[in-house]
2 protein chains.
Amino acid sequence: MKHITIKDIAKKLNVSTSSVSRAFNNKYDIKKETRDLILSTAKEMGYIPNPMAKKLTQNCSLNIGLVVPEIINGYYSEVVIALQKYLTKRGYQVLVMQSDENEDQELKNVKTLINNMVDGLIIAPTVGNKNISYYLEKYNNGYPIVFLNRINDNLPASKVIFNNINWSFFATEHLILQKCKKIYHLAGYKDLSVSKERIQGFKKALKKYKFSSKYYKIIETGLLAKEGMQVMEDLILKNDIPDAFFCVNDMVALGAMKKLKDNGYKIPEDVAFIGFTETRIAKLVTPQLSSVKQPTFKMAKKAGEILLNKINNSNSKPETAIFNGELNIRKSSVKEFLN
Amino acid sequence: MKHITIKDIAKKLNVSTSSVSRAFNNKYDIKKETRDLILSTAKEMGYIPNPMAKKLTQNCSLNIGLVVPEIINGYYSEVVIALQKYLTKRGYQVLVMQSDENEDQELKNVKTLINNMVDGLIIAPTVGNKNISYYLEKYNNGYPIVFLNRINDNLPASKVIFNNINWSFFATEHLILQKCKKIYHLAGYKDLSVSKERIQGFKKALKKYKFSSKYYKIIETGLLAKEGMQVMEDLILKNDIPDAFFCVNDMVALGAMKKLKDNGYKIPEDVAFIGFTETRIAKLVTPQLSSVKQPTFKMAKKAGEILLNKINNSNSKPETAIFNGELNIRKSSVKEFLN
DNA sequence: TTTATTTTCGGGAACGTTTTCGGGAAATGA
DNA sequence: TCATTTCCCGAAAACGTTCCCGAAAATAAA
């Protein structure tokens with residue numbers, strides 16, 4: 001049951017360990033016949049290179065740390081999957097840690113990963129910005145880090161982000177074009193960058209169509225379905241229901257819709273809905289939920305790409321990639337053919 | 001920017017590297033004062049132990065491989081999170097790989113993980129059993145493996161499973177007690193162990209209440225919402241709609257429900273629904289979906305526990321843990337107070 | 001004080017690779 | 001034939017730890 005090592009092969013073939021090593025790594029400095037011989041006997045002896053030894057000499061862990069707010073969130077599941085796929089194909093392993101939307105946990109995760117000597121980090125920050133300066137210091141010391149999503153546009157580091165402003169503008173404009181006269185925005189957390197940006201886009205659209213402040217509201221909610229429900233309960237009690245909601249994400253939208261439906265409101269007839277960061281569930285509820293779809297896979301892959309670039313070429317420049325999405329209009333937001 | 005090593009500390013304090021190592025690991029064989037001295041100067045020098053070197057000498061990777069069908073599936077997200085939490089707390093890192101419900105991919109994943117010398121494996125198998133013999137061979141050679149879910153009860157290996165038979169019996173019985181007279185089961189894959197077991201429980205309940213074969217059907221569907229919709233479309237075309245569906249999981253149930261609702265059926269008035277392996281979404285749809293909740297966190301944790309046991313005590317006996325759940329009755333399956 | 005025992009510590013091998021260096025054999029050129 | 005270059009290959013150091021072994025120091029027992 002003992003593991004076959006490079007030495008065993010060397011002994012068996014009466015060659016040096018260097019040659020065996022070369023057979024596996026270099027294409028030069030070794031005769032083709034000996035190389036083939038070594039490779040074939042290695043195979044038949046069942047040799048598996050010991051990654052720990054390799055990592056020690058090369059002084060790299062071949063591990064990438066990935067820190068996300070919540071894996072159970074469909075969006076971040078996709079991020080995990082995409083990076084998994086991209087990075088394992090290139091010889092890396094991905095260590096995923098989740099912060100539970102908690103800054104302290106996030107910092108702990110990052111430190112754990114750094115202590116484990118990951119070769120690079122991809123961070124999808126949670127709400128709050130307490131840790132950013134710490135990350136930035138690491139980054140400026142040459143530590144390969146790429147930020148993904150939820151990060152300020154002008155952060156001087158490599159990052160991959162979504163064009164929230166534009167697409168929340170489009171989403172809002174869509175509601176306006178459906179002749180919605182009073183639109184509320186359920187807006188996530190006030191100190192979350194994506195929330196801020198989506199608010200900006202929302203306001204931009206309202207401004208274009210000259211909505212007076214009587215005809216819109218921005219309500220801080222959080223990011224969970226539960227929170228969407230709570231806010232909606234409040235509004236129902238106050239009898240303060242507009243004819244459209246634009247929500248920071250699908251979960252909040254679904255929670256809010258559920259509460260409204262249970263109270264006898266008709267969607268979209270009475271109230272139109274549009275979400276953001278489309279989830280799989282959007283198509284399963286009645287009515288189907290309109291939403292902004294993000295190119296999650298592409299974005300995650302891009303983050304991996306930038307990171308590997310940095311790892312292999314330590315003086316590569318900081319890179320920012322901004323992505324666009326698409327507006328998927330479904331029943332929840334379409335009023336026009338009802339008139 | 002160079003890393004501080006054990007040697008740097010040794011040189012600075014004029015002690016041997018062995019002493020430094022001892023200071024970090026052993027509690028004995030070193031005087032308390034020297035130990036404290038070493039630890040404090042190590043700290044102030046910013047020493048971080050190199051995990052690669054440690055792993056090489058100890059001949060363990062401190063990595064655990066986790067193979068799941070699909071991370072985006074809420075159930076497996078929870079498994080990932082739970083094991084993450086349990087294992088990182090104990091000094092291990094988790095390498096997650098997903099098989100995309102594909103046996104070949106799964107085998108590839110397992111082999112990748114073994115080549116990376118993970119110290120143990122937790123496998124939640126995908127549908128099909130082509131690979132089981134391979135895993136079993138590894139297992140019998142002493143490789144620490146724990147199977148989680150979707151695995152045959154009588155597999156001679158360590159495993160953590162859910163009592164599918166009993167709980168699908170309860171779910172079915174609940175429908176019967178709601179006076180449903182004709183019940184169809186949307187049953188996942190025919191060669192998936194959980195499907196088989198849930199079918200067993202379904203039949204057991206029908207038998208107890210003396211349903212003749214005219215009054216039930218078992219339909220193979222798959223595990224996705226899309227597939228639930230397709231099957232339902234078929235049934236609608238054939239005008240073959242019973243007054244209740246028991247579904248292999250929530251996603252299939254949601255897909256099926258959606259299709260029915262879109263075709264004017266009322267739930268639960270016309271057709272009652274109950275799912276399985278409760279998801280977060282169950283509460284967000286209208287009507288809320290009844291389902292069987294599994295103790296996912298506990299089960300995953302148990303799997304981790306058994307695995308670590310095996311790793312630390314290689315002649316520990318195979319262990320099987322069977323878990324029970326709870327039946328969460330919601331509107332989708334409650335007919336009685338409607339009469 | 002001497003001997004026996006325990007405690008503490010250093011030297012050095014070991015883990016399984018990669019990599020540098022240098023040397024011998026083969027090939028090339030004159 | 002000899003010098004030069006190219007091609008292969010082996011020896012050995014290195015990566016940063018752990019751990020075994022034996023010696024020195026401290027303590028206890030005689």
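Note that the structure is predicted; figures quoted are calculated from it, not measured.
- Distance, A/Lys11 NZ to C/dG16 P: 11 Å, rounded to whole Å.
- In terms of the salt bridge (Lys or Arg N to Asp or Glu O under 4.0 Å) criterion, A/Asp29 has no residue partners (sequence neighbours excluded).
- At the heavy-atom level, A/Ser21 lies under 4.0 Å from base atoms of the strands shown.
- By the salt bridge (Lys or Arg N to Asp or Glu O under 4.0 Å) test, A/Lys32 is found to be paired with A/Asp36, residues two or more places apart in sequence or in another chain being considered.
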For nucleotides 9-11 of chain C, tabulate all protein N/O to nucleotide N/O atom pairs closer than 3.5 Å, reporting atom names and distance.
unit_1	atom_1	unit_2	atom_2	d
C/dC9	OP1	B/Thr34	OG1	3.4
C/dC9	OP2	B/Lys31	N	2.8
C/dC9	OP2	B/Thr34	OG1	2.9
C/dC9	N4	B/Asp29	OD2	3.3
C/dG10	OP2	B/Ser16	N	2.9
C/dG10	OP2	B/Ser16	OG	3.0
C/dG10	OP2	B/Ser19	OG	2.6
C/dG10	N7	B/Arg22	NH2	2.8
C/dG10	O6	B/Arg22	NH1	3.2
C/dG11	N7	B/Ser18	OG	3.3
C/dG11	O6	B/Ser18	OG	3.1

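- Remark: P of C/dT17 and CG of B/Asn116 are 14 Å apart, rounded to the nearest angstrom.
- Counting to the nearest Å, the P atom of C/dG16 and the CZ atom of A/Phe24 are 15 Å from each other.
- Looking at A/Val68, A/Val67, A/Val160, A/Leu307 one by one, the single match for side chain to side chain contact (heavy atoms under 4.5 Å, CB included) with A/Leu148 turns out to be A/Val160.
- Atom NZ in A/Lys7 sits roughly 7 Å away from atom C1' in C/dC15 (whole-Å rounding).
- Reading DNA chain D from its 5' end, the first and the last nucleotide to sit under 4.0 Å from a heavy atom of chain A are D/dC8 to D/dG16.
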Side chains of residues 19-26 of chain A: which donor-acceptor pairs under 3.5 Å do they make with residues two or more places apart or in other chains?
unit_1	atom_1	unit_2	atom_2	d
A/Ser19	OG	A/Ser16	OG	3.4
A/Ser21	OG	A/Asn25	ND2	3.3
A/Asn25	ND2	A/Ser21	O	3.0

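- Under the rule for a side-chain contact (heavy atoms from CB on, under 4.5 Å), the partners of A/Pro49 that lie at least two apart in sequence or sit in another chain are A/Tyr47.
- Looking at heavy-atom distances under 4.0 Å, B/Tyr47 makes contact with sugar-phosphate atoms alone, never a base.
- Five base pairs at each end of the helix from C/dT1-D/dA30 to C/dA30-D/dT1 define two local axes, and these are offset by 40° (rounded to 10°).
- Listed by chain and residue number, nothing satisfies the salt bridge (Lys or Arg N to Asp or Glu O under 4.0 Å) test with A/Asp191 (two or more places apart in sequence, or in another chain).
- Residue A/Ile9 contributes atom CD1, which lies 12 Å from atom P of C/dG16 at whole-angstrom precision.
- Pairs engaging residues 106-141 of chain B under the ring pair (Phe, Tyr, Trp, His ring centres under 6.0 Å) rule: none recorded [sequence neighbours left out].
- Note on A/Lys55: nothing from the nucleic acid sits closer than 4.0 angstrom, heavy atoms only.
- B/Tyr143 pairs by the ring pair (Phe, Tyr, Trp, His ring centres under 6.0 Å) definition with nothing, not counting sequence neighbours.
- Taking B/Glu305 as the reference, B/Lys302 meet the salt bridge (Lys or Arg N to Asp or Glu O under 4.0 Å) condition, with sequence neighbours excluded.
- Rounded to an integer number of Å, the gap from A/His3 NE2 to C/dA14 C1' is 18 Å.
- What separates NZ of B/Lys54 from C1' of C/dC15 is a distance of 15 Å, to the nearest Å.
- What separates CG of A/Leu56 from P of C/dT19 is a distance of 12 Å, to the nearest Å.
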Donor-acceptor pairs are to be reported for all side-chain atoms of residues 110-122 of chain A against protein atoms at under 3.5 Å, with residues two or more places apart or in another chain.
unit_1	atom_1	unit_2	atom_2	d
A/Thr112	OG1	A/Lys108	O	2.8
A/Asn116	OD1	B/Gln93	NE2	3.4
A/Asn116	ND2	A/Thr112	O	3.0
A/Asp119	OD1	A/Ser61	N	3.0
A/Asp119	OD1	A/Ser61	OG	3.3
A/Asp119	OD2	A/Ser61	N	3.4
A/Asp119	OD2	A/Leu62	N	2.7

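- The side-chain hydrogen bond (donor to acceptor under 3.5 Å, both in side chains) test with A/Tyr75 is passed by exactly one of A/Thr296, A/Thr277, A/Asn149: A/Asn149.
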